[in-house]
Amino acid sequence: SQLFSRTKGASTNEIEDILLRADVGIKYTDEILQRIGEDGVDLVEVLKKKLVNLLSIDVPKIDVEKPVIIMVSGVNGSGKTTTVAKLANLYQRCERVILACADTYRDAASEQLEIWARRANVEIVTSQKGQDAAAVVFDTISRAQAKSIDRVLVDTAGRLHTRVDLMAELRKIRKVITKFRPEGPDLNILTIDANLGQNSIQQACIFTEEIGINGLILTKFDGTSKGGAIIPICNELDLPVLYLGIGEGIDDIVEFDPTAFVEALFE
Amino acid sequence: GLIDRFQLIRRKILGYGRITEREIAIILKDIRITLLEADVNYRVVKDFIKELNTKCAGLELAKTLNPGDIVIKTVYEELTKLLGTKPQQMEFKAKGPLIIGLIGLQGTGKTTTAAKLALKYKNKNPLLVPADAKRPAAYEQLSQLGQRAKIPVCPLYQNSAKATVKKAIEQAIGQGNMLVIIDTAGRLHLDDELIEELKEIKRVARFDYRLLVADGMSGQDAVNQAKAFQEKIGLDGAILTKMDGDARGGAALSITRAAQVPIFYVGTSENLDGIEQFYPARMAQRIMG
Ligand SMILES: Nc1nc2c(ncn2[C@@H]2O[C@H](COP(=O)(O)OP(=O)(O)OP(=O)(O)O)[C@@H](O)[C@H]2O)c(=O)[nH]1
Ligand SMILES: Nc1nc2c(ncn2[C@@H]2O[C@H](COP(=O)(O)OP(=O)(O)OP(=O)(O)O)[C@@H](O)[C@H]2O)c(=O)[nH]1
Ligand SMILES: [Mg+2]
Ligand SMILES: [Mg+2]
């Protein structure tokens with residue numbers, strides 16, 4: 001294939017350029033290039049196998065009584081609300097789903113998610129006057145239990161991991177969930193915008209430290225960014241990538257495939 | 001950070017009173033890593049290091065006591081130059097409203113930035129224009145922001161960005177607004193249809209300033225995005241958002257290098273007052289860590 005001839009016999013310098021351009025970062029790039037060595041082997045094939053291996057992490061097993069609780073967090077504009085809509089649309093094919101609009105901060109957050117709930121044909125709970133995010137989540141899960149709903153999706157407000165007060169709010173939301181599910185959300189997802197650089201690593205580290213993330217969704221993968229920052233993230237934190245966001249439409253979500261991802265990175 | 005690493009190198013070089021090409025190479029290697037870690041595009045870094053090498057070779061380093069310091073000082077100066085040298089402002093016109101368009105990728109902060117800019121220039125009697133007919137509740141978002149800032153937001157017209165802009169400009173001229181800020185929908189630089197929509201809006205709006213609103217945490221692709229918007233639509237400046245986080249902001253260099261436009265402002269919080277003047281020298285320091 002054209003890809004094979006382009007990268008066959010590629011030098012470490014050429015490979016370094018490919019990894020850097022993909023936002024893998026110089027630190028991890030140097031690390032992995034040192035490890036695969038220079039012994040005349042097709043470096044690209046060795047590297048691709050290593051990366052596919054690294055990214056092949058088991059997704060969390062969900063074996064609980066309903067409702068399954070899914071929480072989505074991440075920095076501002078990373079695609080949480082749209083991702084919640086996409087997930088809701090996927091699940092509602094076979095299950096009853098309800099959304100919790102736990103973004104009580106952003107202008108028109110509930111209006112935005114309400115439109116998506118209608119499009120996905122799922123129920124939604126938004127905040128009553130003066131309610132905080134944790135209270136919305138409490139109400140939603142209570143309602144889900146009462147009405148025997150299968151899945152609760154919690155959309156949270158965007159926040160920078162450097163904001164101590166906002167990370168505390170997120171811990172509070174998680175704490176409310178533990179009243180229903182002691183181990184916390186069954187899927188505790190962090191959205192990572194594929195356009196971002198090395199800061200994604202810090203985001204993943206802090207969010208995991210604060211609320212125990214157990215899965216990633218890489219959004220905006222339909223652009224020209226390669227999303228390679230998930231490689232050092234997976235190396236550091238062993239977090240599985242569950243889905244890729246590939247557009248603004250409700251159907252624009254696909255399951256993560258490590259092999260396809262690594263191939264695309266080298267194109 | 002970089003300064004401590006250089007103290008170590010300095011102590012090695014110091015005492016010799018001169019610096020060799022090899023020692024310059026060591027310093028530049030370290031600078032390369034620093035810039036790449038800061039999300040500066042790898043090609044921009046390559047070119048920058050080459051230029052630094054030439055510049056350092058030309059310096060009279062052998063005659064100085066602290067050649068390492070001179071090299072570092074040169075790096076900061078060159079970076080500051082590339083970032084615009086000194087802070088720049090937009091210029092208002094003597095007659096007629098200044099028309100600003102905010103464009104960029106999805107989720108970078110255009111809508112909040114529109115409101116922030118309007119508040120900053122409140123004395124220019126600004127009008128906010130919700131030229132995003134695509135995103136769910138986009139109009140409601142700008143409308144609520146406008147209410148909090150006490151700045152008028154014109155209505156969304158015929159569910160069309162182009163029609164909304166046309167009506168808005170007429171309204172602004174009629175009402176004597178001195179500033180019109182047009183918020184547009186997030187779009188990919190590769191989306192031909194949406195780029196075409198932007199060209200149509202451009203024809204109707206006749207922008208004085210087309211500002212790229214870019215996420216301060218952007219990675220390597222910032223170069224392609226900035227270049228594409230410059231080539232396809234044209235840019236007159238940029239605003240770098242979400243700089244209240246701990247991203248180093250190498251995207252700033254990608255934008256000034258690739259799109260060749262000044263960065264006017266940085267977004268520094270989610271609040272309406274979270275917008276500040278961009279200072280090239282401060283950005284250089286932040287990038288260098
Ligand atoms: N191209 C593309 N755009 C996306 C994708 N996911 C989300 N977006 C867009 O990114 C923008 C931000 O999405 P939101 O869902 O509002 O992001 P958010 O994380 O909820 O934002 P905040 O709540 O403000 O923090 C919107 O314009 C979305 O349409 C994706 O996979 N591809
Ligand atoms: N911390 C911080 N958050 C910001 C800043 N600017 C914008 N945001 C947040 O980023 C998120 C996205 O902002 P929007 O203004 O909706 O972005 P947009 O570019 O209009 O998004 P689309 O219209 O969907 O493309 C919101 O949560 C904002 O509050 C900033 O400077 N700092
Ligand atoms: Mg949201
Ligand atoms: Mg917007």
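Protein chains get the first letters and strands the later ones, always in sequence-line order, with residue 1 at the start of each. It should be emphasised that the depicted structure is a prediction, and the values quoted were computed from it without experimental measurement.
Interface remark: of the candidates A:Ser78, A:Ser225, A:Gly77, A:Ser225 forms the most heavy-atom pairs closer than 4.5 Å to chain B. Your options are B:Gly250, B:Gly219, B:Ala228, and the one with the most heavy-atom pairs under 4.5 Å with chain A is B:Gly219. Chosen from B:Arg248, B:Glu140, B:Lys242, the residue pairing most often with chain A at heavy-atom distances under 4.5 Å is B:Lys242.
The structure places CG of A:Leu196 at 8.5 Å from CG of B:Asp39, a figure rounded to the nearest 0.5 Å. A:Leu19 contributes atom CG, which lies 11.0 Å from atom OH of B:Tyr42 (distance to the nearest 0.5 angstrom). The structure places CG of B:Asp221 at 9.0 Å from NZ of A:Lys226, a figure rounded to the nearest 0.5 Å. Rounding to the nearest 0.5 Å gives a distance of 7.5 Å between CG of B:Asp244 and CZ of A:Arg163. Within the model, atoms CG of A:Asp193 and OG of B:Ser218 stand 7.5 Å from one another, a figure rounded to the nearest 0.5 Å. Rounded to the nearest 0.5 angstrom, B:Leu188 CG and A:Thr224 OG1 are separated by 8.0 Å.
For A:Glu114, no part lies under 4.5 angstrom from a heavy atom of chain B. Looking at B:Asn41, there are no atoms closer than 4.5 Å to chain A (heavy atoms on both sides), in backbone or side chain. Within the 4.5 angstrom heavy-atom criterion, no atom of B:Arg43 approaches chain A. Neither the backbone nor the side chain of B:Leu142 comes within contact range of chain A, judged by heavy atoms closer than 4.5 Å. In this structure, the portions of A:Gln198 lying under 4.5 Å from any heavy atom of chain B include both its backbone and its side chain. Contacts of B:Leu145 with chain A are made by both backbone and side-chain atoms, with heavy-atom separations under 4.5 Å. Looking at A:Leu20, the atoms closer than 4.5 Å to chain B (heavy atoms on both sides) sit in the backbone and in the side chain alike. With a 4.5 Å cut-off on non-hydrogen atoms, B:Gln225 touches chain A through its side chain but not through its backbone.
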A:Glu248 and B:Gln106: side chain to side chain donor-acceptor pair (under 3.5 Å), yes or no, with the steps?
CA-CA 9 Å; A:Glu248 299 193 72; B:Gln106 291 87 350; 2.8 Å; yes

May I have the step-by-step check of side chain to side chain contact (heavy atoms under 4.5 Å, CB included) for B:Glu270 and A:Tyr105, ending in yes or no?
CA-CA 10 Å; B:Glu270 287 193 69; A:Tyr105 174 75; 3.2 Å; yes

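In this structure, B:Ala137 and A:Ala108 approach most closely via the heavy-atom pair O-CB, 3.9 Å. Taking all atoms of both residues into account, the shortest heavy-atom contact from B:Pro136 to A:Gln112 is O-CG, 3.6 Å.
A donor-acceptor pair under 3.5 Å is formed between the side chain of A:Asp23 and the backbone N or O of B:Gln220.
Remark: the B:Asp246 side chain and the A:Thr162 side chain contain no N/O donor-acceptor pair separated by less than 3.5 Å. Between the side chains of B:Gln141 and A:Glu111, no donor-acceptor pair is found at a separation under 3.5 Å. Residues B:Asp215 and A:Asn195 bring no donor and acceptor atom of their side chains to less than 3.5 Å of each other.
Side-chain contact between A:Leu160 and B:Met217 is present, with heavy atoms from C-beta onward closer than 4.5 Å.
Salt-bridge annotation for A:Asp17 and B:Lys46: present, with a side-chain N of the basic residue lying under 4.0 Å from a carboxylate O of the acidic one.
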